[in-house]
Amino acid sequence: MLGDYSSATEFFLLGFPGSQEIRRILFATFFLLYAVTVMGNAVIIITLCVDKHLQSPMYFFLGHLCVLEILITCTAVPFMLWGLLLPSTQIMSLTACAAQLYLYLSLGTSELALMGVMAVDRYVAVCNPLRYNIIMNSSTCIWVIIVSWVLGFLSEIWPVYATFQLTFCKSSVLDHFYCDRGQLLKVSCEDTLFTEFILFLMAVFIIIGSLIPTIVSYTYIISTILKIPSASGRRKSFSTCASHFTYVVIGYGSCLFLYAAEYNRVVSLLVLVVTPFLNPFIFTLRNDKFIQAFGDGMKRCYQLLKN
């Protein structure tokens with residue numbers, strides 16, 4: 001740190017500009033998306049836990065993905081909603097800012113790792129179906145989940161620590177709706193070029209590290225599917241990974257836009273609000289097995305309430 005400057009101890013987040021009427025419309029929209037996101041992902045988690053027919057590795061990974069989606073959304077969206085109602089309250093201490101940034105980055109990294117794991121799971125299911133239960137046994141699934149979570153939280157310790165070793169003396173105002181690292185670097189009065197370069201390299205390593213197994217897995221999956229002689233067989237095989245493939249395109253597309261757009265609010269909303277909102281629909285609408293399990297669960301709940 002530079003001793004000649006006093007660093008900000010709290011930040012004021014500008015959030016979304018506009019009149020009070022526009023803020024109320026944004027609040028209603030984002031609150032609806034947030035509520036559906038939390039409830040939708042929670043319903044998936046509960047259904048996966050109570051239905052014995054949904055105990056395969058694919059659904060095990062999906063459950064953890066839903067947990068991550070809920071947690072990622074909850075790191076920033078509630079504070080954003082509160083700020084839309086009461087703009088003057090968008091003040092965050094340095095400690096709270098560091099905690100929010102760390103949780104957001106850690107959970108995001110864990111999610112990227114899990115997406116790579118799910119791609120490999122789909123590769124084994126399509127390309128090695130006879131050995132699927134042997135390769136993706138319960139012990140393997142538990143270990144890869146633990147590694148995904150631990151990797152996310154360990155890998156972001158230094159980046160967040162390095163960010164908050166800077167002195168923030170240019171301004172205490174962040175032009176965003178959450179504690180964004182790009183905005184923190186902008187208000188630092190130190191030369192952040194080297195720090196930004198290292199952080200960029202680490203981010204690229206994390207993204208590419210999870211993208212490589214995804215690309216390799218889907219290359220083999222597509223190659224295997226194209227070799228299936230019947231059209232119905234090809235459709236059935238692709239349907240087992242279509243939901244994950246759709247989520248991969250949206251997820252990695254959001255990450256790339258996030259860096260290309262220099263931490264734009266709209267792109268941040270895509271990561272924090274839109275993608276988690278779409279998750280329950282992507283993984284369940286065309287999943288007959290889950291729909292049946294959910295319907296059976298609702299029937300049991302109705303019978304319990306009726307009695």
Side-chain angles (χ1 to χ4, degrees), residues 40-41 43-45 47-48 51-69 111-145 147-148 207-257 270-271 274-297:
N41 283 284
V43 166
I44 293 177
I45 294 169
T47 304
L48 296 180
D51 196 289
K52 62 182 180 180
H53 298 103
L54 302 177
Q55 302 301 316
S56 68
M58 180 182 74
Y59 293 110
F60 177 69
F61 296 140
L62 176 59
H64 281 268
L65 181 65
C66 291
V67 172
L68 284 167
E69 292 287 28
E111 184 172 5
L112 288 174
L114 184 56
M115 286 168 64
V117 169
M118 293 177 74
V120 174
D121 171 70
R122 292 299 83 206
Y123 156 74
V124 178
V126 174
C127 301
N128 295 282
L130 297 179
R131 299 185 61 204
Y132 180 72
N133 291 329
I134 298 173
I135 297 173
M136 302 303 296
N137 56 64
S138 58
S139 179
T140 301
C141 293
I142 291 172
W143 271 110
V144 295
I145 282 295
V147 170
S148 298
I207 293 173
I208 298 300
S210 63
L211 190 57
I212 287 175
T214 303
I215 292 175
V216 172
S217 295
Y218 275 102
T219 300
Y220 280 104
I221 288 171
I222 293 171
S223 176
T224 301
I225 291 175
L226 291 177
K227 292 177 183 178
I228 299 175
S230 65
S232 60
R234 289 194 295 269
R235 282 196 300 269
K236 184 178 180 180
S237 296
F238 186 73
S239 66
T240 62
C241 52
S243 297
H244 178 259
F245 182 77
T246 303
Y247 188 82
V248 164
V249 172
I250 296 174
Y252 283 106
S254 301
C255 289
L256 294 176
F257 277 123
L270 186 63
V271 175
V274 179
T275 303
F277 168 77
L278 292 175
N279 179 56
F281 302 102
I282 292 173
F283 283 100
T284 62
L285 284 182
R286 298 185 63 183
N287 191 321
D288 295 334
K289 195 173 180 180
F290 178 87
I291 292 173
Q292 182 179 352
F294 176 72
D296 293 340

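We're numbering straight along the sequence, starting at 1. Note: hydrogens, waters and symmetry copies are ignored here, and every other heavy atom, side chains too, is used.
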- Message: Using the rule given for side-chain contact (heavy atoms from CB on, under 4.5 Å), can you reason through Val124 versus Arg131, listing the C-alpha separation, both sets of side-chain angles and the distance that settles it, and then say yes or no?
- Response: CA-CA 8 Å; Val124 178; Arg131 299 185 61 204; 5.9 Å; no
- Show your working on side-chain contact (heavy atoms from CB on, under 4.5 Å) between Phe60 and Ser138 and close with a plain yes or no. CA-CA 10 Å; Phe60 177 69; Ser138 58; over 6 Å; no
- Derivation of the side-chain contact (heavy atoms from CB on, under 4.5 Å) call for Tyr59 and Ser56: CA-CA 6 Å; Tyr59 293 110; Ser56 68; 3.0 Å; yes
- Could you walk me through whether Gln292 and Asp296 pass the side-chain contact (heavy atoms from CB on, under 4.5 Å) test, one step at a time? CA-CA 6 Å; Gln292 182 179 352; Asp296 293 340; 3.8 Å; yes
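Between Tyr252 and Thr214 the shortest side-chain heavy-atom distance falls below 4.5 Å. Put simply, the side chain of Tyr123 reaches to within 4.5 Å of the side chain of Asn128, judged on heavy atoms. Between Ile282 and Ile250 the shortest side-chain heavy-atom distance falls below 4.5 Å. Lys236 is not listed as a side-chain neighbour of Thr240, based on a closest heavy-atom distance of 4.5 Å or more. When side chains are defined from C-beta on, Asn287 does not count as touching Ser243, because their heavy atoms never get closer than 4.5 Å. Counting heavy atoms from C-beta on, the side chains of Pro280 and Val43 never come closer than 4.5 Å. Side-chain atoms of Ile145 and Leu114, non-hydrogen and from C-beta on, do get closer than 4.5 Å to each other.
Val117 approaches Val144 most closely through the heavy-atom pair CG1-CG2, 3.9 Å. Taking each heavy atom of Tyr132 and Arg122 in turn, the nearest pair found is OH-NH2, 3.5 Å. When all heavy atoms of Cys66 and Ile44 are compared, the closest pair comes out as SG-CG2, 3.6 Å. Arg234 and Leu226 get closest at one heavy-atom pair: CD-CA, 4.3 Å. The minimum heavy-atom distance linking Tyr218 with Phe245 is given by the pair OH-N, 3.2 Å. The shortest non-hydrogen separation linking Cys141 to Met136 is SG-O, 3.8 Å.
There is a side-chain donor-acceptor pair under 3.5 Å between Asn137 and Thr140.
Looking at Thr224, its side chain does come within 3.5 Å of a backbone N or O of Tyr220 through a donor-acceptor pair. Using a distance-only test at 3.5 Å, with no hydrogens or angles considered, no donor-acceptor pair links the side chain of Ser223 to the main chain of Thr219.
Atoms SG and CE, from Cys241 and Met118 in turn, are 11.0 Å apart once rounded to the nearest 0.5 Å. Note that OG of Ser217 is 11.0 Å distant from CD1 of Ile222, once rounded to the nearest 0.5 Å. Here the CD1 atom belonging to Ile45 is positioned 9.5 Å from the NE2 atom belonging to His64, to the nearest 0.5 angstrom. Note that CG of Leu270 and OG1 of Thr275 are 4.5 Å apart. Values are rounded to the nearest 0.5 Å. To the nearest 0.5 Å, atom CG of residue Leu62 and atom NE2 of residue His244 are 10.0 Å apart. Thr47 OG1 to Leu54 CG: the interatomic distance, rounded to the nearest 0.5 Å, is 7.5 Å.
With a 6.0 Å radius and a threshold of 12 heavy atoms from other residues, nucleotides or ligands, Gln55 has its CD atom above the threshold.
In this pair, Phe294 and Phe290 present their aromatic rings parallel. The plane angle is below 30°, not in the 30 to 60° band.
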